[in-house]
Amino acid sequence: TWERRRFALTANPAKLNYYSCDGDDAGSSPPSPSRSAFGNGGDGNSNKSLLDESPRGSLDVLNERVTMTATFPGSDASQPTPYAVALKSADTAEKWKFCFDDRETQLVWLVALTDIVSEASVREFNSR
């Protein structure tokens with residue numbers, strides 16, 4: 001099941017949090033991190049600060065050794081847009097999968113996530 005979510009990426013610590021969108025049932029249990037989430041990278045129309053909310057889910061990008069890739073819809077006919085990004089941790093299969101409303105937003109998120117992982121990789125390599 002795809003659900004629209006808002007996302008926030010923090011650099012230190014490198015965490016990706018997702019939040020309910022306005023109008024979601026706040027009392028419902030959150031989907032597990034392995035379920036797909038339909039996202040647009042943020043909801044600029046919301047008057048509520050993400051800092052005032054508890055995330056429905058969180059992914060520690062560096063500690064879980066997350067990799068991200070743009071993906072094809074493949075056999076998932078329910079995927080709402082072709083602009084998907086899959087996030088996987090080193091020890092599991094697909095962790096989260098996001099669909100974005102447009103290619104530009106998809107690329108912004110891919111670059112932001114890749115930048116965090118790349119910087120950490122360089123630091124780790126140089127510390128040898």
Side-chain angles (χ1 to χ4, degrees):
T1 303
W2 293 86
E3 301 173 21
R4 187 168 291 278
R5 295 287 182 234
R6 292 176 294 143
F7 302 96
L9 180 62
T10 60
N12 194 10
K15 287 200 178 212
L16 180 63
N17 296 318
Y18 79 91
Y19 301 84
S20 299
C21 285
D22 293 337
D24 280 351
D25 180 7
S28 65
S29 61
S32 76
S34 63
R35 285 186 52 197
S36 300
F38 178 35
N40 65 358
D43 180 1
N45 298 323
S46 176
N47 293 326
K48 204 177 205 183
S49 168
L50 291 180
L51 298 176
D52 296 335
E53 297 180 44
S54 294
R56 290 181 61 113
S58 185
L59 185 61
D60 188 329
V61 176
L62 298 180
N63 285 336
E64 294 192 46
R65 315 283 289 180
V66 171
T67 59
M68 63 289 307
T69 56
T71 63
F72 290 98
S75 61
D76 186 358
S78 71
Q79 186 172 310
T81 75
Y83 310 108
V85 172
L87 285 84
K88 298 177 183 183
S89 63
D91 59 346
T92 64
E94 188 172 281
K95 196 81 162 161
W96 286 350
K97 186 173 184 181
F98 303 123
C99 282
F100 299 95
D101 290 331
D102 54 60
R103 183 172 183 262
E104 181 179 0
T105 307
Q106 175 196 34
L107 292 175
V108 165
W109 279 93
L110 271 171
V111 168
L113 289 162
T114 301
D115 190 49
I116 287 174
V117 171
S118 179
E119 282 184 24
S121 175
V122 168
R123 281 193 308 272
E124 184 178 302
F125 180 84
N126 289 335
S127 70
R128 292 183 191 172

Closest heavy-atom pair and its distance - Gln106, Ala70: NE2-CB, 3.7 Å
Thr71: partners by side-chain hydrogen bond (donor to acceptor under 3.5 Å, both in side chains), with sequence neighbours left out: none
Test ring-ring contact (aromatic ring centres under 6.0 Å, His included) applied to Phe98 and Phe7, step by step: CA-CA 10 Å; Phe98 303 123; Phe7 302 96; 4.3 Å; yes
Met68 and Ile116, any side-chain heavy atoms less than 4.5 Å apart: no
Set of residues satisfying side-chain hydrogen bond (donor to acceptor under 3.5 Å, both in side chains) with respect to Arg103, sequence neighbours excluded: none
Residue list, side chain to side chain contact (heavy atoms under 4.5 Å, CB included) with Val108, at least two apart or on another chain: none
Non-neighbouring partners of Ala112 that pass side chain to side chain contact (heavy atoms under 4.5 Å, CB included), sequence neighbours left out: Leu9
Smallest separation among heavy atoms of Tyr19 and Arg5, with atom names: O-CD, 3.2 Å
Nearest heavy atoms of Ala8 and Trp109, plus distance in Å: N-CH2, 4.3 Å
Worked check of side-chain contact (heavy atoms from CB on, under 4.5 Å) between Trp96 and Leu59: CA-CA 9 Å; Trp96 286 350; Leu59 185 61; 3.8 Å; yes
Val117 and Val61, any side-chain heavy atoms less than 4.5 Å apart: yes
Note, Leu16 side chain near Val66 side chain (heavy atom, < 4.5 Å): no
side-chain hydrogen bond (donor to acceptor under 3.5 Å, both in side chains) partners of Ser127, counting only residues at least two apart: none
Any donor-acceptor N/O pair, Arg6 side chain to Ser20 backbone, under 3.5 Å: yes
Of all pairs that satisfy salt bridge (Lys or Arg N to Asp or Glu O under 4.0 Å), the ones with a partner from residues 57-72, not counting sequence neighbours: Glu64-Lys95, Arg65-Glu124
hydrophobic_cluster_shared for Leu107 and Phe100, side chain cutoff 4.5 Å: yes
Full working for side-chain contact (heavy atoms from CB on, under 4.5 Å) between Trp2 and Lys97: CA-CA 9 Å; Trp2 293 86; Lys97 186 173 184 181; 4.0 Å; yes
